[in-house]
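First the structure, in the form of structure tokens, and then the observations on it.
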There are 2 protein chains.
Amino acid sequence: MVDYSPLLENINRYVSLTGEEATELTNIVSTSKVKRKQFIIQPGFVCQNRSYIVKGAFRVFYIGNDGKEHTVSIGVEDWFVTDFYSYINQVPALNYAEALEDSVIFQMNYNDIEPLCKKIHAISEYFRLTTEKAFAFSRRRVISSISKTAEERYEEYLASYPHIVQRIPQYVLASYLGISPEFLSKIRKRKASKS
Amino acid sequence: MVDYSPLLENINRYVSLTGEEATELTNIVSTSKVKRKQFIIQPGFVCQNRSYIVKGAFRVFYIGNDGKEHTVSIGVEDWFVTDFYSYINQVPALNYAEALEDSVIFQMNYNDIEPLCKKIHAISEYFRLTTEKAFAFSRRRVISSISKTAEERYEEYLASYPHIVQRIPQYVLASYLGISPEFLSKIRKRKASKS
DNA sequence: TAAATAAAATGAACTAGATTAAGAAGTAAC
DNA sequence: GTTACTTCTTAATCTAGTTCATTTTATTTA
């Protein structure tokens with residue numbers, strides 16, 4: 001018997017589901033264990049799922065024309081991992097999603113979720129509200145990346161997600177901040193010597 | 001008598017509203033004329049509205065610690081203008097939204113929209129689907145800004161929005177792409193001499 | 001139509017951050 | 001515990017893009 005409470009509590013922060021609605025939702029959830037370094041999304045394949053992280057950590061990244069990895073998002077417990085563009089348009093993904101640790105996820109398929117959103121108003125509202133939040137957040141990141149220096153972005157991330165910084169390799173953080181690992185190393189050294 | 005058809009057609013691309021639902025929606029819409037250079041959002045004030053552009057062009061920008069303007073979004077007819085973070089959290093905005101031309105907008109207030117989303121399932125779905133799309137788009141922009149050169153981002157914008165490039169001042173585009181106006185000028189010169 | 005203002009172009013000097021290459025340190029695998 | 005593999009650090013060199021200062025060209029306003 002799977003314990004869906006982390007997901008249901010997340011949902012409950014935005015809307016209230018009846019018992020029956022909650023059951024309809026958990027009926028479409030499937031649980032997966034994912035080993036470190038394993039991919040759950042790969043370029044060329046359509047991203048079929050919204051994946052809720054029960055335990056572990058993931059990153060979404062893509063490989064640019066320059067042949068380098070660029071990390072689009074990093075997620076830990078109680079976050080979702082998706083290649084959103086691929087998911088909503090149901091077209092092949094451009095990104096990888098990789099487990100950074102041995103992880104457990106709840107997966108919900110596009111073909112199950114969409115009808116459920118049409119059917120159950122509260123679930124539609126849940127995804128509306130959470131996506132609005134994610135969108136507002138994403139805009140902030142755009143602002144950061146066009147208006148702040150590498151060091152400022154690093155400070156900002158450190159202040160916002162101190163617990164995540166501990167968990168992820170430095171080259172992942174660098175590729176998330178949009179800088180080279182060497183330069184992040186330099187920033188860290190600079191900071192360390194200051195304090 | 002105001003003609004709401006542009007907005008209703010936009011909605012119709014995502015969901016279908018009954019006549020009554022459409023009326024409930026248009027009942028909360030108010031129309032405004034906005035002169036060029038006029039602000040509809042300003043830092044310190046809560047962004048109360050989702051504004052649909054009937055005619056004209058807008059940009060959302062903010063002034064960084066460096067004292068420079070950074071353009072967060074540019075919109076023309078059939079787009080929405082909002083400081084999303086301010087709007088969904090109902091906290092004071094950090095951004096300006098400025099009319100780039102004499103414009104006409106449909107404004108819908110947060111305090112009217114939220115109850116309507118709770119009440120009318122199709123309207124909730126409309127905002128869910130459009131925000132999902134906006135979010136996917138925003139993520140792509142993040143990828144661009146962390147992984148592409150200034151010139152590549154310029155080319156990309158030019159290819160995607162050739163009609164908008166004609167309409168907006170160059171310094172606005174530069175601040176959207178995250179580069180200095182001088183450098184954009186240089187890129188353009190470089191391109192012109194090539195072809 | 002002139003005068004005033006805003007926007008764009010040009011070029012020289014500068015800097016944040018990339019690149020390259022080599023070594024050090026940590027982790028995993030046998 | 002030794003070999004191999006991955007991650008992190010350091011330093012020298014290089015470049016995309018900034019800054020600053022000046023001139024040219026558009027656009028407003030009167």
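Just so we're on the same page: letters track the sequence lines, and every chain starts at 1.
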Q. When the C1' atoms of the five terminal pairs at each end define the local axes, what inter-axis angle does the helix from dT1(C)-dA30(D) to dA22(C)-dT9(D) show, to 10 degrees?
A. 50°
Report, one line per pair, each donor and acceptor closer than 3.5 Å where one atom sits in a side chain of residues 31-38 of chain B; sequence neighbours left out.
{"from": "Ser32(B)", "atom 1": "OG", "to": "Gln107(B)", "atom 2": "OE1", "distance (Å)": "3.4"}
{"from": "Gln38(B)", "atom 1": "OE1", "to": "Lys35(B)", "atom 2": "N", "distance (Å)": "3.2"}

Q. Which sits closer to the 5' end of DNA chain D, Thr149(B) or Leu184(A), going by the nucleotide each is nearest to?
A. Leu184(A)
**Q.** All side-chain hydrogen bond (donor to acceptor under 3.5 Å, both in side chains) counterparts of Ser145(B), not counting sequence neighbours
**A.** Ser145(A)
Q) Which atom pair, heavy atoms only, marks the closest approach of Ile179(A) to Ala150(A)? A) CG2-CB, 3.5 Å
Q: Output yes when Glu101(A) and Arg167(A) qualify as a salt bridge under the 4.0 Å nitrogen-oxygen rule, no when they do not.
A: yes
Q.
Let's see if you get this right: which residues in residues 161-178 of chain B place a heavy atom under 4.0 Å from DNA chain C?
A. Pro169(B), Gln170(B), Tyr171(B)
Q: Please list, chain by chain and in numerical order, all residues satisfying side chain to side chain contact (heavy atoms under 4.5 Å, CB included) with Pro43(A), sequence neighbours excluded.
A: Tyr96(A)
Q) So what does Arg36(B) hit on the nucleic acid, given a heavy-atom distance under 4.0 Å: a base, only sugar-phosphate, or nothing? A) sugar-phosphate
Q | salt bridge (charged side-chain N to carboxylate O under 4.0 Å, His left out) pairs, two or more places apart, involving residues 7-17 of chain B | A | Arg13(B)-Asp78(B)
Q: List in chain and number order the residues that pass side chain to side chain contact (heavy atoms under 4.5 Å, CB included) with Tyr110(A), two or more places apart in sequence or in another chain; answer none if no residue qualifies.
A: Tyr87(A), Gln90(A), Glu114(A)
Q) Which residues pass the side chain to side chain contact (heavy atoms under 4.5 Å, CB included) test with Lys68(A), sequence neighbours left out? A) Asp66(A), His70(A)
Q.
For a 4.0 angstrom threshold against heavy atoms of chain A, report the outermost contacting nucleotides of DNA chain C in 5' to 3' order.
A. dG17(C) to dT20(C)
**Q.** Lys/Arg-Asp/Glu bridge criterion (N-O < 4.0 Å) met for Glu155(B), Lys191(B)
**A.** yes
Q) Which residues pass the ring-ring contact (aromatic ring centres under 6.0 Å, His included) test with Tyr176(A), sequence neighbours left out? A) Tyr157(A)
Q) Which nucleotide span of DNA chain D, 5' end to 3' end, has atoms closer than 4.0 Å to non-hydrogen atoms of chain B? A) dG17(D) to dT28(D)
Q.
List the residues meeting ring-ring contact (aromatic ring centres under 6.0 Å, His included) with Phe127(B), not counting sequence neighbours, and say none if there are none.
A. none
(Q) Distance to the ring centre below 6.0 angstrom and angle to the axis at most 45 degrees; does that hold for Arg140(B) and Phe137(B)? (A) no
(Q) Any salt bridge linking Arg50(A) with Glu132(B)? Criterion: basic side-chain nitrogen under 4.0 Å from a carboxylate oxygen. (A) yes
